[in-house]
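Below is one structure; the comments refer to it alone.
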Amino acid sequence: MEFIDLKTQYQLLRDDINDGIQRVLDHGQYIMGPEVAQLEQKLAAFSGARHCITVSSGTEALVISLMALGIQPGDEVITTPFSFIATAEAIVLLGARPVFVDVERASGNLDPTLIAARIGPRTRAIMPVSLYGQPADMDAINEIARAHGLAVIEDAAQSFGAAYRGLRSCNLSAIGCTSFFPSKPLGCYGDGGAILTSDDELARAMREIRVHGQSRRYRHTRIGVGGRMDTLQCAIVLAKLGAFDGELARRRRAAAVYDRLFAGRVDTLAPAPDRDSAYAQYTVVLPRRAAVQSALALAGIPSAVHYPLPIHLQPAYARFDDAACPVAELLAEQVLSLPMGPYLASADAEKVAHVVLAATAN
Ligand SMILES: *Cc1c(COP(=O)(O)O)cnc(C)c1O
């Protein structure tokens with residue numbers, strides 16, 4: 001059993017993916033070829049946002065977004081400590097300060113009720129993460145941001161395809177950033193990412209920042225980065241996009257198998273009724289995690305911990321550790337992600353669930 005089965009997906013989409021790659025090799029526009037604009041148009045339509053800017057990774061999407069907002073050294077950005085490191089890393093790379101706010105026990109996402117107390121004169125933005133594929137409580141976060149004149153960037157690296165109150169992830173705030181790292185819900189075969197926004201000015205700034213801050217060739221009106229996504233990687237995402245809605249439905253079916261067997265027995269971080277997860281991960285909370293991990297390993301079933309140490313406790317980030325985040329610390333000790341993906345067979349999900357249940361019963 002694979003933790004995330006990318007091989008079956010390739011076998012099913014092989015002709016479309018190979019044809020897409022071959023077309024790029026034939027036309028030879030490896031950088032900013034026609035597939036880049038095609039993908040941007042389709043991703044914008046999918047998410048509902050007006051603009052899509054593809055970039056070289058999810059991390060670069062966050063960095064370019066913060067640059068476009070004009071985040072300066074000394075500014076503060078409120079974010080979650082319970083995420084992949086890239087969320088806080090992007091803030092620190094700009095010389096700004098990540099201000100960590102604890103997460104909700106029920107979702108692992110930024111707790112909106114704790115944000116206001118951490119807003120100060122240097123606060124410029126809030127960067128929630130839609131963890132494991134489930135959108136954060138974006139309406140509540142947007143409301144606080146509006147009251148204080150702050151921007152909201154959704155780190156949707158794990159949640160492209162998810163929904164929240166009738167809208168899609170990446171279109172839930174001023175800016176949404178996603179990643180096409182191979183193991184994300186919509187992945188390419190290397191690094192890639194995208195920024196979505198309906199703000200025309202921000203979109204123009206981001207397009208310029210993506211290519212060294214140039215407004216036209218060799219005319220540099222801002223400080224930028226080399227942040228383009230390859231044409232080849234765009235062609236691969238284009239080929240996968242046609243199957244994506246079906247894959248999301250399959251992920252939800254696999255999750256439903258786990259949900260049914262775990263009901264009343266294992267805490268599943270299940271999505272709130274007003275939202276749908278893209279199920280980048282299916283993650284459970286286990287007071288005796290180590291026992292379950294070894295039982296799974298013994299049965300030859302892969303599992304993973306996302307993430308074993310919250311960001312505010314990471315050695316390089318300890319200087320930003322100025323408030324307690326007990327829920328993030330508890331979850332870091334107890335979460336376990338199980339095999340998940342569109343091509344996880346129901347029988348395999350059942351097998352995993354039975355090993356987890358047997359190990360928790362001991
Ligand atoms: C994967 C991920 C990123 C970074 O994306 P890359 O494409 O790997 O740079 C950022 N934030 C979160 C929450 C992620 O899961």
Side-chain angles (χ1 to χ4, degrees), residues 43-50 52 58 61-62 65 77-84 86-87 90 101-115 125-146 150-181 183-187 193-198 244-245 247-249 251-252 254-256 259 268-283 285 306-307 327-328 331 335 337 340:
L43 294 174
F46 183 94
S47 71
R50 195 151 50 205
C52 173
L62 299 172
S65 298
V77 179
I78 288 176
T79 192
T80 163
F82 195 50
S83 178
F84 181 57
T87 312
V101 165
D102 208 1
V103 296
E104 301 168 328
R105 174 61 183 76
S107 68
N109 283 327
L110 194 60
D111 185 340
T113 65
L114 304 177
I115 292 175
I126 308 175
M127 193 143 81
V129 175
S130 294
L131 193 71
Y132 307 140
Q134 178 183 187
D137 193 353
M138 297 301 289
D139 281 356
I141 293 167
N142 285 328
E143 189 49 47
I144 297 162
R146 200 169 310 129
L150 311 174
V152 178
I153 303 172
E154 183 197 9
D155 180 345
Q158 303 181 6
S159 62
F160 196 76
Y164 172 93
R165 300 183 183 172
L167 293 176
R168 280 209 143 132
S169 181
C170 280
N171 185 33
L172 302 175
S173 61
I175 301 172
C177 293
T178 197
S179 163
F180 304 123
F181 187 83
S183 60
K184 308 285 180 172
L186 181 61
I195 309 170
L196 291 117
T197 182
S198 292
F244 188 52
D245 271 321
E247 289 188 347
L248 286 168
R251 282 178 188 271
R252 288 185 190 121
D259 286 345
T268 60
L269 292 180
D274 61 353
R275 62 204 84 166
D276 248 336
S277 180
Y279 288 106
Q281 309 295 341
Y282 188 96
T283 305
V285 184
H306 306 104
Y307 297 88
V327 181
L331 288 174
V335 288
S337 298
M340 174 40 81

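What you are looking at is a predicted structure, and each value in this text was computed from that prediction instead of being measured. Only heavy atoms go into these numbers, but all of them, side chains included; no hydrogens, no water, no symmetry mates.
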Exercise for the section: Can you see which heavy atom on Ala278 is nearest to which on Ala162, and at what distance? Expected result: N-CB, 3.7 Å
Practice task
May I have the step-by-step check of salt bridge (Lys or Arg N to Asp or Glu O under 4.0 Å) for Asp155 and Lys184, ending in yes or no?
Solution key: CA-CA 13 Å; Asp155 180 345; Lys184 308 285 180 172; over 6 Å; no
Practice task
Among Phe46, Tyr279, Phe181, find the residue that satisfies the ring pair (Phe, Tyr, Trp, His ring centres under 6.0 Å) test when tested with Phe160.
Solution key: Phe46
Handout entry: Check: Thr178 side chain, Ala156 main-chain N or O, donor-acceptor pair, under 3.5 Å
Key = yes
Problem - Check: Arg50 main-chain N/O paired with Ser198 side-chain donor or acceptor under 3.5 Å - result: yes
Practice task
Looking only at non-hydrogen atoms, find the nearest pair between Glu104 and Val327 and report the distance.
Solution key: C-CG1, 4.0 Å
Problem - Tyr132 side chain to Ser277 backbone, donor-acceptor under 3.5 Å - result: no
Handout entry: Main-chain N/O of Ile175 paired with Thr197 side-chain donor or acceptor, under 3.5 Å
Key = no
Problem - Least distance between heavy atoms, Pro135 atom then Ser130 atom - result: CA-OG, 3.2 Å
Handout entry: Donor-acceptor under 3.5 Å (Ser169 side chain, Ala163 main chain)
Key = no
Exercise for the section: Mark yes or no for whether Asp137, through its side chain, and Asp111, through its backbone, hold a donor-acceptor pair below 3.5 Å. Expected result: no
Exercise for the section: Before accepting this row, confirm whether a basic side-chain N of the pair Arg275/Asp139 lies closer than 4.0 Å to the acidic partner's carboxylate O. Expected result: no
Fill in the blank from the handout: In terms of heavy-atom contacts, Leu269 and Gln134 come closest through O-NE2, 3.9 Å
Exercise for the section: Check the angle between the aromatic planes of Tyr307 and Phe82 and answer parallel, tilted or perpendicular using the 30° and 60° thresholds. Expected result: perpendicular
Exercise for the section: Grab the two heavy atoms, one from Ile153 and one from Ser65, that are nearest each other, plus how far apart they are. Expected result: CD1-CB, 4.0 Å
Fill in the blank from the handout: For Leu43 and Leu196 the tightest heavy-atom approach is O-CD2, 3.7 Å
Practice task
Look at the side chain of Ser83 and the backbone N and O of Val129, then say whether any donor-acceptor pair between them is shorter than 3.5 Å.
Solution key: no
